[in-house]
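Below: the structure, in structure tokens.
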Amino acid sequence: MLFTNKKSDVLSQSTQCAAVFAYGDTLLASADAIDKQQGGALSALITNHDLKDKPGSKRWITMPVEPKRPYQRVMLVQLGKPTGKKSTSLSSDSLLTALSALANALSHAPVKDAAIYIDDIFSAGMSIQHGDETVGAGWLAEQLAVACQKACYRYTETKSKPDPTPSLNKVIYTSVDANRLKLVRPALIKGSAIGSGINYTRQLGNLPPNICTPDYLAEQAKILAANSEKKLTARNLNQKQMEKLGMGAFLSVAKGSAEEGRLMIMEYKGSSAANAKPHVLVGKGITFDTGGISLKPGGSMDEMKFDMCGAASVFGSMKALVEMKAKVHVVALVAAAENMPAGNASKPGDIVTSMSGQTIEILNTDAEGRLVLCDTLTYAERFKPKSVVDVATLTGACVVALGNHATGLYSNHQPLADKLLAAGIQSNDKAWQMPLWDEYQKQLDSNFADMANIGGPGGGSVTAACFLSRYAKKYPWAHLDIAGTAWHSGARKGATGRPVALLVNYLVNA
Ligand code: BES
Ligand code: MN
Ligand code: ZN
């Protein structure tokens, strides 16, 4: 999809759809201009209550009145009812609701291009309140691009009668103010790249586990590299190479499966940052988690195909960095394996030696994520990283603690935690910090090894993070538990693409 910024007004911009806005009973400038040209067709929608005052309410208007109009259709979108004294301050929540309603409607309409007049809010003297901050046209343009990309994703791969591909392929951010348009240009590029990274993450997550195997992911890394104008390189370690490195924890998970485990290494070097120390991303890529010999119950076990969503978000973030030509140096490590029960699978009670030399008693083969991640965290040391952030659908306990809204964040370095929290707020892909206190560490004690791989019934998300922390002592590290945020269950079943927006914002801010 192409995103452009253009200085033009609604009465001269030719487009298949002009998207204009109402704020309560008020038509913003472009809506008002069309209303005057079209004999009051838009204000009538308001006076007759055809347009509701909830953010995201919308009406299509096809008007035969003025034949020379350059817009073929109009969509009037409601931003919400002004509240209280500060009636010129618009909440970012209402705005994001309106943008995603608009983007969804466009994606289902027979329009190839749309001109969006959301910049009218600034001309009207309004401001956007986002958390504790006021944000401007750059933030708005980024969110618009993300919303349009997300709305146009369709899963088609394994359907014989897939939904039609959206026609929308061009979105114009229109403004009458040249200064604001300067901010908008890079923001559209960034938002478009983040949106496309999110969709790639959703696609990898949604693919069935008989297609999306560790080998499939390794192939994806090669494809990303081939389309990167040599900015991204990709290679991977097979089980034999991991054995040489002493990755006994990783291999204990992979060995019960017919699919070979793989550790992928992608490196993105944006110009001017090429010699800086890298930020490292680590993704949990369990392409299917049966639980192993500690077999999971059958109900919704299919959703364990999403157990590679951490890996998928790392792929999506790398794709976004490539597309926006970000000036950063990032290494991505993806730990891919399938967790299966088998005659040669790990058993409860088995003790393995990790690459770090620490021994682990596997008391539950379903706590496999931390086993593939711990060796990958040790491997990360060789890049002398500025920071390491791992992303994992690690614990059901995190879903109990935080539900489906916030990603769980743990860190051994508060400045890093603060940057990630801020990036989450900025991009509306929020995380919430959880404790990583020493008190929890002793839950991992084992009578027979340096540690157990589970920490008992209480604080399951915390003890999982404590386990990882023992392998991340040599650099500033953070862990994102996305078990509650990576996918939707039920009727909307599907990967969300989180936390790509958080990660990309963090990396380009850092
Ligand atoms: N992939 C799961 C975590 C998970 C479960 C995420 C359900 C989302 C929904 C992970 O490998 C796992 O099985 N964790 C166990 C850990 C336990 C055995 C200590 C869990 O959360 O039950
Ligand atoms: Mn598991
Ligand atoms: Zn798992």
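Keep in mind the model is a prediction, meaning the values are calculated, not measured. In this chain, numbering begins with 1 at the start of the sequence shown. Start at 1 and go down the list; that is how both ligands and their atoms are numbered.
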Would you find more than 12 non-hydrogen atoms of other residues, nucleotides or ligands less than 6.0 Å from Glu133 atom CD? no

Give the residue, atom name and distance (to 0.1 Å) of the protein heavy atom nearest atom 18 (C) of ligand 1. Asn364 ND2, 3.5 Å

List the steps and the verdict of side-chain contact (heavy atoms from CB on, under 4.5 Å) for Val146 and Asn428. CA-CA 11 Å; Val146 171; Asn428 212 40; over 6 Å; no

Which is the closest N/O/S atom of Asp289 when seen from the Mn ion (ligand 2)? OD2

So the angle subtended at the Zn ion (ligand 3) by Lys284 atom NZ and Glu368 atom OE2, rounded to 10 degrees, is 90°

Can a donor-acceptor pair be found, under 3.5 Å and without considering hydrogens, that links the side chain of Gln78 to the backbone of Ser57? no

Between His279 and Tyr506, how do the two ring planes meet: parallel, tilted or perpendicular, split at 30° and 60°? perpendicular

What residue and heavy atom of the protein are closest to atom 12 (C) of ligand 1, and at what distance? Asp366 O, 3.2 Å

On the 0 to 90° scale, with breaks at 30° and 60°, tag the Tyr379-Phe383 ring pair as parallel, tilted or perpendicular. perpendicular

A quick test of your reading: do over 12 heavy atoms of other residues, nucleotides or ligands sit less than 6.0 Å from CD of Glu439? yes

Could Glu368 and Lys284 be called an ion pair, given the rule that one side-chain N must be under 4.0 Å from one carboxylate O? yes

Who's closest to atom 7 (C) of ligand 1 heavy-atom-wise, of Met308, Lys296, Met304? Met304

Closest approach of any protein heavy atom to atom 16 (C) of ligand 1, naming residue and atom: Arg370 NH2, 3.9 Å

Taking only non-hydrogen atoms of Lys284 and a 4.0 Å limit, the atoms of ligand 1 in range are 1 (N), 10 (C), 11 (O)

Closest protein heavy atom (residue, atom, distance) for atom 21 (O) of ligand 1: Gly396 N, 2.7 Å

Can you tell which of Ile360, Thr365, Asn339 makes a side chain to side chain contact (heavy atoms under 4.5 Å, CB included) with Leu371? Ile360

Closest protein heavy atom (residue, atom, distance) for atom 6 (C) of ligand 1: Ala483 CB, 3.6 Å

Given the rule in the side-chain contact (heavy atoms from CB on, under 4.5 Å) test, do Thr376 and Tyr471 qualify, once you have shown the distances and angles that lead to the verdict? CA-CA 9 Å; Thr376 309; Tyr471 300 83; over 6 Å; no

What is the nearest protein non-hydrogen atom to atom 2 (C) of ligand 1, stated with its residue, atom name and distance? Asp289 OD2, 3.6 Å

Are more than 12 heavy atoms, taken from residues, nucleotides or ligands other than Lys305, located less than 6.0 Å from that residue's NZ atom? yes

For atom NZ of Lys190, decide whether the heavy atoms of other residues, nucleotides or ligands shown that lie under 6.0 angstrom number more than 12. yes

Asp307 atom (N/O/S) at minimal separation from the Zn ion (ligand 3): OD2

Residues Lys493 and Asp302 bridged, charged N to O under 4.0 Å: yes

Out of Leu394, Ile482, Leu363, who is nearest to atom 3 (C) of ligand 1 when you count heavy atoms only? Leu394

With heavy atoms of Glu368 as the reference, note each atom of ligand 1 found under 4.0 Å away. 11 (O)

Would you name the N/O/S atom of Glu368 that lies closest to the Mn ion (ligand 2)? OE1

What is the name of the N/O/S atom of Asp289 that is nearest to the Zn ion (ligand 3)? OD2

Assess Asp307: does it contribute an N, O or S atom lying under 2.8 Å from the Mn ion (ligand 2)? no

Among all protein heavy atoms in this structure, tell me which lies nearest to atom 1 (N) of ligand 1, with the distance rounded to 0.1 Å. Asp307 OD1, 2.8 Å

Return yes when Trp487 approaches ligand 1 closer than 4.0 angstrom through a heavy atom, no otherwise. yes

Distance to 0.1 Å, residue and atom name: give those for the protein heavy atom nearest to atom 19 (C) of ligand 1. Ile454 CG2, 3.4 Å

